[in-house]
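Accompanying notes for the structure given below.
This structure is a prediction, so every number in the text was calculated from the model and none was measured.
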Amino acid sequence: MPLSGGEPIRVLLADDHPVYRDGLALLLGSIPGIEVAGTAADGPEAVERAADLQPDVVVMDVRMPGLDGIEATRRIVADSPHVAVVVLTMSEEDATLFAAMCAGARGYLLKGAGQGEIVRAITAVAHGEAIFGPAVALRVAEFFQGAAAAPDGPAFPQLTPREREILSLVAAGRSNAQIASALFLSPKTVRNNVSNIFAKLHVADRAEAIIRARDAGLGK
């Protein structure tokens, strides 16, 4: 369905797998009312091309080189709030789902979604709606039902136990290198966890994360 005025929905596809990316581009390019404005093979290129092309919708993979899809989504939405992002990924993990939502994604689908479901998601977010696949929507509902039933649960329930552990160390003033050493993790793993924490808490930097964490009693 084209946007008002008869203009097609302009879509940017970001995925590091060329066969999937090109196949999806060919598929969407055959749908009336949708125009594939461009493609990107990694996170930094997705951010750059979104800024240059100003598409209506970005269809974003999560696991990409250079910059993951969660952080790329956060940057695109921060720079161009009118651009809608639909995450299309293999990941069924709740942590990835909620990180994408916190980063500003308006839709979240699994790569097993059919053509009709993908087209409906693109059309919906282009018109200002939020949309999630049936299985994803069920997990969102279950998460919030669980949160309502357990108001006295741990701080930041959207974080995994490992992420809460790392956030507590961040709040205690530890550097990434010190955290990696203390938890026997690689520096890259710590960096990725810290990035996910920032996205889930919707904070811009380490200082803001420390304030949020200490207000919740962590790191003391």
Residue list, side chain to side chain donor-acceptor pair (under 3.5 Å) with Arg162, at least two apart or on another chain
Glu165
For Gln54, enumerate each residue passing the side chain to side chain donor-acceptor pair (under 3.5 Å) test, keeping only those at least two apart in sequence or located in another chain.
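Listed in chain order: Ser80, His82.
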Indicate the atoms forming the closest heavy-atom contact of [X] with [Y], along with that distance.
X	Y	result
Leu12	Ala50	CD2-N, 3.7 Å
His17	Asp15	N-OD1, 2.8 Å
Ile76	Met60	CD1-CE, 3.6 Å
Asp68	Ile70	OD1-N, 3.0 Å

[Y] side chain reached by [X] side chain, heavy atoms, under 4.5 Å:
X	Y	result
Val57	Arg10	no
Ile131	Arg106	no
Leu109	Glu117	yes
Val87	Val62	yes
Val11	Ile9	yes
Ile197	Phe156	no

With a 3.5 Å cut-off and sequence neighbours excluded, list the donor-acceptor pairs that the side chains of residues 22-48 form with protein atoms.
unit_1 : atom_1 : unit_2 : atom_2 : d
Ser30  : OG     : Leu27  : O      : 2.6
Asp42  : OD1    : Glu45  : N      : 2.8
Glu45  : OE1    : Ala41  : N      : 2.8

Please report the interatomic distance [atom1]([X]) to [atom2]([Y]), rounded to the nearest 0.5 Å.
X	Y	atom1	atom2	result
Met64	Asp16	CE	CG	7.0 Å
Gln115	Arg120	CD	CZ	10.0 Å
Lys200	Cys102	NZ	SG	8.0 Å

According to side-chain contact (heavy atoms from CB on, under 4.5 Å), who are the partners of Val203, at least two apart in sequence or on a separate chain?
Phe198, Leu201, Glu208, Ala209, Arg212
Side-chain donor/acceptor of [X] to backbone N/O of [Y], under 3.5 Å:
X	Y	value
Arg174	Leu169	no
Lys111	Thr89	no
Arg214	Ala171	yes

Walk me through it: do Tyr108 and Leu88 pass the test side chain to side chain contact (heavy atoms under 4.5 Å, CB included)?
CA-CA 6 Å; Tyr108 192 102; Leu88 183 60; over 6 Å; no
Worked verdict on Val83 versus Asp56 for side chain to side chain contact (heavy atoms under 4.5 Å, CB included)
CA-CA 5 Å; Val83 175; Asp56 300 303; over 6 Å; no
Ignoring hydrogens and angles, write down the donor-acceptor pairs under 3.5 Å from the side chains of residues 175-187, residues two or more places apart or on other chains.
unit_1 : atom_1 : unit_2 : atom_2 : d
Ser175 : OG     : Gln178 : N      : 3.2
Ser175 : OG     : Gln178 : OE1    : 3.4
Asn176 : OD1    : Arg206 : NH1    : 3.0
Asn176 : OD1    : Arg206 : NH2    : 2.9
Gln178 : OE1    : Ser175 : N      : 2.9
Ser186 : OG     : Thr189 : N      : 3.1
Ser186 : OG     : Thr189 : OG1    : 2.8

Any pair counted as salt bridge (Lys or Arg N to Asp or Glu O under 4.0 Å), so long as it reaches residues 74-89, sequence neighbours left out:
Glu71-Arg74, Glu71-Arg75
